[in-house]
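To find a chain, count down the sequence lines: A is the first, B the second, and so on, and within it residues start at 1.
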Amino acid sequence: MSTKPNHLSEKKPLASKLQQNGSSTSNTNKMKTSVVPNKKANMKNTKQMKKSKFSKSTKVQPGSTDGQRKWTTLVHSGVIFPPPYQPHGVKILYKGKPIDLTPEQEEVATMYAVMKDTDYMQKPKFLENFWNDWRRILGRNHVIQKLDDCDFTPIYEWHQQEKEKKKQMSTEEKKAIKEQKMQQEEKYMWAIVDGVKEKVGNFRVEPPGLFRGRGEHPKMGKLKRRIRPRDITINIGKDAPVPECPIAGESWKEIKHDSTVTWLAFWNDPINPKEFKYVFLAASSSLKGQSDKEKYEKARMLKDYIHNIRAAYTKDFNNKDKDPTKRQIAVATYLIDKLALRAGNEKDEEEADTVGCCTLKVSNVECIPPNMIKFDFLGKDSIRYENTVEVELPVFKAIGQFQAGKGENELLFNALDTSKLNAHLKELMPGLTAKVFRTYNASITLDQQLYEETEEGDVAEKVVVYQKANKQVAIICNHQRTVSKTHDSQILRLTERIETAKQELKELKIDLERAKKGKPPLKGADGKQKRNLSPEAIEKKIASAKQKIEKYEMDMTTKEDLKTVALGTSKINYLDPRITVAWCKRHEVPIEKIFNKSLLAKFAWAMDVDPEFRF
DNA sequence: CGACGCTACTCCGCATTGCAACG
DNA sequence: CCGTTGCAATGCGGAGTAGCGTC
């Protein structure tokens, strides 16, 4: 440990070696994963080669990109910092009286005040963490000794007023401000990678604030301090000018020229200094597009291996070796394949307590005879995964045995972790890891659904088919969203509308009968006398009323159906865009009906796909 | 470990909707 | 009276953000 050489000097030779390596030849990578046990797949590959805009540069195979040069020249302008804190002159009350604070102390107070109507204010952990950090900034001997004695309402009200002012601004004023911001930011928005102008993803440094973790995060409420230029490392081409530091008198932490990585800048996360925040190119850049394509190609490759993989793990369900690892791997792989679970890395105590496949606890699964398993756990982002599934009997038995003799809080797969699991998967297929199954399952489901369910009809009907398939994928991946605050009132309003429309319909039917006999219509619910109408006119009205009811009822079911399902996440991250593009081409659906502007940009690489493309 | 992918949330512009006034 | 227009309320979805996972 202590005998570490001066590792800083080691990096230079490494970097220059890579430079050399990269410039010596255009293609040093071997196609190590080209042994595809399937002629069809090979044909597809050659077909794409002709058209793909990456065909020249896509020699890098998935999973073999480590140490590879990602770019040759890189020019960019660094990052932009959030504006400095402007004192608003509003004081908090301490024991009922306004109190003077330093700008720094006041900034933290403001962060707290503006979170008033979030539910974090109800969480003791949040209050405790905030108070600890704030007290540190106030100093131990500060007059303020208790959070409870502080009243933040003046700042809160000031903040509300500011928000109101902003709302009241005319569209012209808003536009002018936006324009100005754009002008300031313009130069940061772009990077020039190998001579090509590409969009930068996140060139704005994260502003200071109070940490808002997802779920029961142990660090919620902690102060996320302001990031300064001295925190930031810049990565840029050797020959490119070093971006000028935007804050006078300060300077960057370090300038690097590492062409094996794609980040333009990074800083340490102030909440967890062991972690990093990176500035990357935008999703629409070809660098990201290329790796996106590689991701889907890897998932497609799994299609050719999946049969054997399934056969292998099915065989291992009953494996009763001395070493239980094999059997656990088999069951874990089965779950990842069948349920699209995440791998489940171990987590720190300092993070929210969530689990994935390898970290499932005994209490997260319940065996319901004869062969049902109930899953209930908090996954990524503390989103609850609740699902009862029928499993093959050997799996049911195995899970029961993994549970046996363990406490509720112990690991179900005690002999397993993600690195063991992934190491095993890599033996089955080059580059295979747990997450590939999610991509594979999502995309293959879409592909199949679209092929099976699309019928003749108008564009709107086909779009509904797509959305249904998309929804199915979102459910598989457990992509959720919180029910909107107004959902209940929306539903209520819809039911009211349906009710009145039905009432109207009823009256119309009576009126129709009466009109046929030449009698005048009855008085309406409001007591008003209605006009005499011909039976034909009434029938017309009946038809339109019926249509209205139908529409409202449709609206309501889809709204209720999708209230907790988020379709966007899978569209952006899991569904091979070529499936969608090909489907649109085959069925003459304008691609814009499915992909918005940013998706079209992100998936530019997929647009020239063959209409007969299958995932 | 460091680098990258994934994910839900917020905010805001804009289209849609419902309703009243109007011709 | 009925269809059109104008207007405000509503809500949808795109863009951006920052935190969460994977490998």
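- Residues that satisfy the side chain to side chain contact (heavy atoms under 4.5 Å, CB included) test with A:Thr495, not counting sequence neighbours, are A:Leu492, A:Met556.
- Of the residues in residues 199-214 of chain A, those placing a heavy atom less than 4.0 Å from an atom of DNA chain B are A:Arg214, in numerical order.
- Dashed line: the shortest gap from a side-chain N or O of A:Lys597 to OP1 or OP2 of C:dA15 is under 4.0 Å.
- Backbone-only contact: A:Lys166 has heavy atoms under 4.0 Å from sugar-phosphate atoms and none from a base.
- Put simply, NZ on A:Lys175 is 11 Å from C1' on B:dC14, counting in whole angstrom units.
- At C:dC23, one or more side-chain N or O atoms of A:Thr433 fall inside 4.0 Å of OP1 or OP2 (strictly under the cut-off).
- The 5' end of DNA chain B is approached more closely, in terms of each residue's nearest nucleotide, by A:Phe276 than by the other of A:Asp381 and A:Phe276.
- Residues of residues 262-272 of chain A having a heavy atom closer than 4.0 Å to DNA chain B, listed by number: A:Thr262, A:Trp263.
- Using cut-offs of 30° and 60° on the angle between ring planes, the pair A:Phe266 and A:Phe276 is perpendicular.
- In this structure, A:Lys116 forms a cation-pi arrangement with A:Tyr156, its terminal cationic atom sitting closer than 6.0 Å to the ring centre and no more than 45° off the ring axis.
- A:Tyr552 comes within contact range of the sugar-phosphate backbone alone, with a heavy-atom separation under 4.0 Å but no base atom that close.
- Taking atom CD1 on A:Ile177 and atom P on B:dC12, their separation rounds to 12 Å, with Å as the unit.
- The closest donor-acceptor contact from the side chain of A:Glu351 to the backbone of A:Asp348 lies under 3.5 Å.
- Across all strands, A:Lys559 comes closer than 4.0 Å only to sugar-phosphate atoms, never to a base (heavy-atom distances).
- Annotation: cation-pi pair A:Lys293/A:Tyr296 absent, no NZ/CZ under 6.0 Å from the ring centroid and within 45° of its normal.
- No contact: A:Glu275 has no heavy atom under 4.0 Å from any strand.
- Regarding A:Leu341, its CG atom lies at a distance of 17 Å from the P atom of B:dC6, rounded to whole Å.
- Within 4.0 Å (heavy atoms only), A:Thr354 reaches sugar-phosphate atoms of the nucleic acid but no base atom.
- Nucleic acid contact class of A:Asn345 (heavy atoms, under 4.0 Å, all strands): base.
- As judged by a 4.0 angstrom heavy-atom cut-off over every strand, A:Gly379 is placed among residues touching the sugar-phosphate backbone only.
- Contact between the side-chain N/O atoms of A:Lys347 and the OP1/OP2 oxygens of C:dC20 is not found at any separation under 4.0 Å.
- Across A:Asp417 and A:Lys420, no two heavy atoms sit closer than the pair OD1-N, 2.8 Å.
- Dashed line: the shortest gap from a side-chain N or O of A:Tyr278 to OP1 or OP2 of B:dC4 is not under 4.0 Å.
- Taking atom CG of residue A:Leu599 and atom C1' of nucleotide B:dC6, one finds them 14 Å apart after rounding to whole Å.
- Scanning atom types as modelled, no donor and acceptor separated by under 3.5 angstrom connect the side chain of A:Lys174 and the base of B:dC12.
- Listed by residue number, A:Gln490, A:Arg493 are the residues of residues 483-493 of chain A with a heavy-atom contact under 4.0 Å to DNA chain C.
- Looking at A:Lys165 and A:Glu173, no side-chain N of the basic residue comes within less than 4.0 Å of a carboxylate O on the acidic one, giving no salt bridge.
- Between the NE2 atom of A:His217 and the P atom of C:dA18 there is a distance of 16 Å, given to the nearest Å.
- Residue A:Glu254 contributes atom CD, which lies 14 Å from atom C1' of B:dG2 at whole-angstrom precision.
- Residues from residues 178-186 of chain A lying near DNA chain C, meaning a heavy-atom separation below 4.0 Å, are absent.
- When heavy atoms are screened at a 4.0 angstrom cut-off, A:Ala434 is found touching the sugar-phosphate backbone but no base atom.
- Neither OP1 nor OP2 of B:dG5 sits under 4.0 Å from any side-chain N or O of A:Lys435.
- Taking five base pairs at each end of the helix from B:dG2-C:dC23 to B:dG23-C:dC2 and finding the rotation axis that steps the C1' atoms of four pairs onto the next four gives two axes whose angle is 30°, to the nearest 10°.
- Salt bridge absent: A:Lys295 and A:Asp576 never bring a charged side-chain N and a carboxylate O closer than 4.0 Å.
- Ring orientation note: the planes of A:Phe81 and A:Trp252 are close to parallel, at an angle under 30° on the 30°/60° scale.
- Contacts of A:Thr482 with the nucleic acid, taken as non-hydrogen atoms under 4.0 Å apart, involve only primed sugar atoms and P, OP1 or OP2.
- As a whole-Å value, the separation of A:Ile383 CD1 from C:dG19 C1' is 12 Å.
- Seen from the ring of A:Phe280, A:Lys288 counts as a face-on cation partner, given the 6.0 Å and 45° thresholds.
- Rounded to an integer number of Å, the gap from NZ of A:Lys420 to P of C:dT22 is 17 Å.
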